[in-house]
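Every chain is numbered from 1, with letters handed out A, B, ... down the list of sequences.
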Amino acid sequence: MNAQARHAANLNGDDPKVPLSVHDLTVAYHRKPVIWDVGFDAAPGQLIGVVGPNGAGKSTLLRAILGLTPKASGRVRVFGKPYRENRGRVGYVPQRESVDWDFPIDALDVVTMGLYRQIGWLRRVRAEHRERAMAALERVGMADLAKRQISQLSGGQQQRTFLARALVQDADLYFMDEPFAAVDAATEAAIVELLRDMRAQGKTALVVHHDLQTVPDYFDSVLLLNMRVVAHGPVEEVFTPENLQKTYGGRLTLLDEATEAMRRRERAL
Amino acid sequence: MNAPLPLAWSWALDGWIVAAGVLCAVASALLGNFLVLRRMSLLGDAISHAVLPGLAAAFFLTGQRSSLPMFVGAVAVGLATAFLTEWVHRYGEVDEGASLGVVFTSLFAIGLVMIVQAADHVDLDPGCVLYGAIELTPLDTWEVLGRPIPRVVVVLAAVVLVNLLYVTLFFKELKITAFDPGLATTSGFRAGWMHYSLMTLVAVTAVASFESVGNILVVAMFVTPPATARLLTDRLSTMVWLGAAIAAAAAALGHLSAVAVPAWFGLRSTTTAGMMAVSVGLFFTLALFFAPHQGVVPKAWRRLRLSLRILGEDVLGVLFRADEQTVAASSISLPAGQLRARLHCGRLPLRLVLWELYRRGLVYRDLEGVRLTAKGAGQARELVRSHRLWEHYLVERAGLAADRIHLQAERFEHVTDRAMRDQLDQETSLTETDPHGQAIPAEPDDA
């Protein structure tokens with residue numbers, strides 16, 4: 001069954017075995033659509049690359065699925081339920097630049113934050129939590145830097161800290177926003193290894209990715225995005241020159257025109 | 001205490017004024033940490049200004065100062081400021097700073113107009129709004145446990161208690177929502193909820209401080225103590241209590257300098273709230289210059305020491321290379337002038353560096369100039385070995401051209417220790433000479 005057919009079979013998205021089912025998702029900023037009618041099902045135990053040009057709405061897609069950006073329309077199911085009910089099974093690694101690295105905390109603090117959901121409102125962080133955070137830092141090769149203030153870490157080390165935080169979340173479905181952006185080769189290799197470990201444990205990860213060269217090597221399937229889904233499916237079927245041309249080369253002229261017309265009418269009013 | 005206090009000082013009066021100042025400062029500083037860290041310091045400023053129309057409106061309605069309605073009205077307007085700012089920013093597509101400026105100045109102006117209108121028939125004056133009337137603290141008292149306690153002190157103590165509870169109970173939640181709102185929300189901590197609870201307390205604190213200590217102090221205390229503490233520490237928990245301590249110290253110092261210091265010069269005492277704000281500004285300035293890690297002066301000092309250390313090592317290197325070129329087995333002297341010419345350095349730095357090398361027994365002076373001791377020769381050998389091993393490594397392993405490696409090696413040699421040298425030795429093919437054909441000296445203990 002190809003990706004589209006599978007998606008059609010799971011239209012309600014209620015299959016609890018499907019980690020993520022997105023249907024008809026549209027997000028608009030100030031009435032200008034950023035993503036348009038996006039629908040796909042993520043297969044379990046896969047590493048899925050989300051690929052597309054700048055401004056294609058990749059981060060917005062992730063944020064809308066997680067409820068961080070309001071949806072104009074559409075439905076999201078996580079393991080067959082609305083995201084809110086299955087929040088505990090989802091981990092999120094935001095873009096590195098999305099946080100203030102001058103914040104007065106150390107790497108261990110950042111990782112421990114991944115456990116806050118399990119700790120819950122008003123309860124304190126205990127030694128046991130810090131030990132788990134420390135173990136995660138060890139797994140990404142950062143144990144020595146646990147007590148270092150986060151602005152003193154290199155870009156790659158900061159990204160590893162974020163990954164360690166994702167690890168302690170112990171989720172079944174991960175969303176990662178450009179974890180490979182501006183990291184050194186060693187960190188890139190460490191991230192790939194971790195992703196493969198996760199997959200071996202049956203976890204699913206949606207990873208926003210920029211480097212087209214490494215897509216076939218890193219990912220099982222790929223979601224080509226440019227405002228709408230250009231193609232989605234196994235890398236060997238979907239990651240073709242024609243689809244890439246459609247994603248990066250061909251402008252969505254009709255959609256652009258409609259947006260432009262809408263803007264003109266608003267101005268005329 | 002005896003000597004510096006002027007006759008006017010009385011613990012019964014001034015003690016309460018200091019207490020009110022300290023409580024106000026601590027209450028504001030506790031919340032201010034999270035305003036500063038969320039880069040919204042100005043929102044504290046805005047809210048504390050914008051509460052004015054709320055105060056005035058409640059005053060018009062009830063005809064009384066300091067009643068509960070006045071408090072509620074002011075807090076409501078303070079919260080409205082936070083909402084309105086967010087709303088103008090999001091729906092008006094106006095930059096956040098600009099929307100803040102528009103909202104709070106408008107509200108403040110409305111408040112001022114209302115107060116000026118009211119000033120004819122009531123005792124609420126614009127001056128009071130700015131610097132409050134902290135000096136009048138002891139006059140208006142409440143009976144607490146059978147003792148008369150100034151009303152302001154009771155109210156501010158309650159606010160400190162509430163803020164302290166809020167910051168300790170919700171420390172984890174405040175931390176995660178301030179650092180990474182996205183993670184906070186996906187972890188089930190409502191970032192919006194934390195934002196507006198913080199704003200509510202900011203408004204409450206601003207209103208409670210307003211009447212007694214005025215606007216200047218509360219604005220200064222929201223921002224300056226946390227900003228000062230941030231310069232002194234890299235830990236959030238330390239920053240919170242240190243900020244509170246700095247705020248308290250500044251408040252106490254402020255009153256003392258408002259009352260006592262002018263008296264030394266035969267002047268009248270000045271406004272306490274103003275001097276409290278000045279004191280905390282002074283603390284900030286001190287921290288900016290002298291904070292151990294981030295201070296301007298310690299940073300410059302560390303840079304200076306580092307460049308002198310490097311110069312010292314370069315002197316050893318130059319002497320060692322000069323020794324290599326002589327036929328004689330023993331070391332030779334170089335006059336200071338020659339050293340300066342080879343190192344392109346000034347007279348004073350060289351003198352400082354030579355004095356230090358002399359003190360450590362690495363060089364000595366004779367009639368012709370400066371000469372390496374046996375100990376100095378050992379250190380110099382390590383340096384030159386590092387330099388030439390690096391040059392070798394850069395050509396062989398990093399593929400750089402031989403004419404481009406010197407500067408790189410020059411930088412690396414100062415941070416290379418024995419272990420790194422041994423590794424360099426292992427990772428390059430064994431040769432006795434560097435890419436320029438000069439011999440790579442052996443380690444001193446092998447030599």
Side-chain angles (χ1 to χ4, degrees), chain A residues 29-31 59 62-63 65-70 78 83-96 98-106 108-126 129 147-152 162 165-166 169 171 174-175 177, chain B residues 32-41 89-94 165-194 197 226-243 287 291-294:
Chain A
Y29 285 137
H30 310 309
R31 290 195 224 163
S59 298
L62 259 54
R63 293 181 58 85
I65 292 172
L66 293 166
L68 296 171
T69 296
V78 172
Y83 163 66
R84 270 170 185 281
E85 291 170 33
N86 254 336
R87 195 176 257 159
R89 297 180 69 180
V90 175
Y92 174 42
V93 181
Q95 273 182 39
R96 189 152 51 81
S98 70
V99 303
D100 171 15
W101 290 96
D102 279 330
F103 208 80
I105 48 177
D106 57 33
L108 187 64
D109 281 324
V110 175
V111 179
T112 312
M113 282 185 195
L115 292 165
Y116 280 13
R117 184 187 52 219
Q118 294 164 41
I119 299 170
W121 279 96
L122 289 173
R123 276 195 246 129
R124 310 219 133 246
V125 176
R126 290 195 307 273
H129 301 122
K147 284 291 169 191
R148 190 172 286 190
Q149 201 266 324
I150 51 177
S151 66
Q152 313 283 322
F162 263 6
R165 190 175 78 178
Q169 287 184 303
Y174 281 101
F175 294 92
D177 204 342
Chain B
N33 287 298
F34 299 96
L35 295 177
V36 167
L37 289 177
R38 300 168 77 153
R39 315 214 160 187
M40 38 200 269
S41 312
H89 168 54
R90 187 166 294 171
Y91 296 99
E93 292 173 47
V94 175
L165 275 175
Y166 177 72
V167 169
T168 30
L169 285 178
F170 293 101
F171 187 70
K172 175 170 109 275
E173 288 78 5
L174 284 165
K175 185 157 137 181
I176 190 171
T177 45
F179 176 64
D180 191 344
L183 179 74
T185 305
T186 56
S187 301
F189 302 101
R190 301 287 295 275
W193 199 92
M194 289 313 291
S197 64
T228 311
R230 178 67 190 88
L231 288 171
L232 297 170
T233 179
D234 272 340
R235 281 204 68 77
L236 181 59
S237 47
T238 314
M239 176 175 162
V240 171
W241 69 255
L242 194 61
H293 288 289
Q294 301 176 47

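Ion pair Arg235(B)/Asp106(A) flagged as a salt bridge, since at least one NZ, NE, NH1 or NH2 atom sits closer than 4.0 Å to an Asp/Glu carboxylate oxygen. Electrostatic pairing of Arg165(A) and Asp180(B) counts as a salt bridge here, judged by a charged N lying under 4.0 Å from a carboxylate O.
Residues forming a side chain to side chain donor-acceptor pair (under 3.5 Å) with Asp100(A) (at least two apart in sequence, or on another chain): Arg39(B).
To the nearest 0.5 angstrom, Thr186(B) atom OG1 is 11.0 Å from Leu62(A) atom CG. How far CG of Leu169(B) is from CZ of Arg123(A): 13.5 Å, rounded to the nearest 0.5 Å.
With hydrogens and angles disregarded, no donor-acceptor distance shorter than 3.5 Å links the side chain of Lys175(B) to the backbone of Asp109(A). No donor-acceptor distance shorter than 3.5 angstrom exists from the side chain of Lys172(B) to the backbone of Val125(A), with no hydrogens or angles considered.
Between Phe170(B) and Trp121(A), the two ring planes are perpendicular [angle over 60°; tilted spans 30° to 60°].
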task: Output, in order, the C-alpha distance, side-chain angles, deciding distance and verdict of side chain to side chain contact (heavy atoms under 4.5 Å, CB included) for Ile150(A) and Phe179(B).
output: CA-CA 12 Å; Ile150(A) 51 177; Phe179(B) 176 64; 3.6 Å; yes
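Among the candidates Leu183(B), Thr185(B), Leu236(B), Thr238(B), the residue making the largest number of heavy-atom pairs closer than 4.5 Å to chain A is Leu183(B). With chain B as partner, the option from Gly67(A), Gly120(A), Ser151(A) having the largest number of non-hydrogen pairs under 4.5 angstrom is Gly120(A). Between chain B and the residues Val110(A), Leu122(A), Leu66(A), Thr112(A), the most heavy-atom pairs under 4.5 angstrom are made by Leu122(A).
Taking all atoms of both residues into account, the shortest heavy-atom contact from Pro104(A) to Met239(B) is CG-SD, 3.9 Å.
Only the side chain of Leu68(A) comes within less than 4.5 Å of a heavy atom of chain B; its backbone N, CA, C and O stay farther away. Residue Ala178(B) touches chain A through both its backbone and its side chain, counting heavy-atom pairs closer than 4.5 Å. At a 4.5 Å heavy-atom cutoff, the contact between Gln169(A) and chain B is made by side-chain atoms alone.
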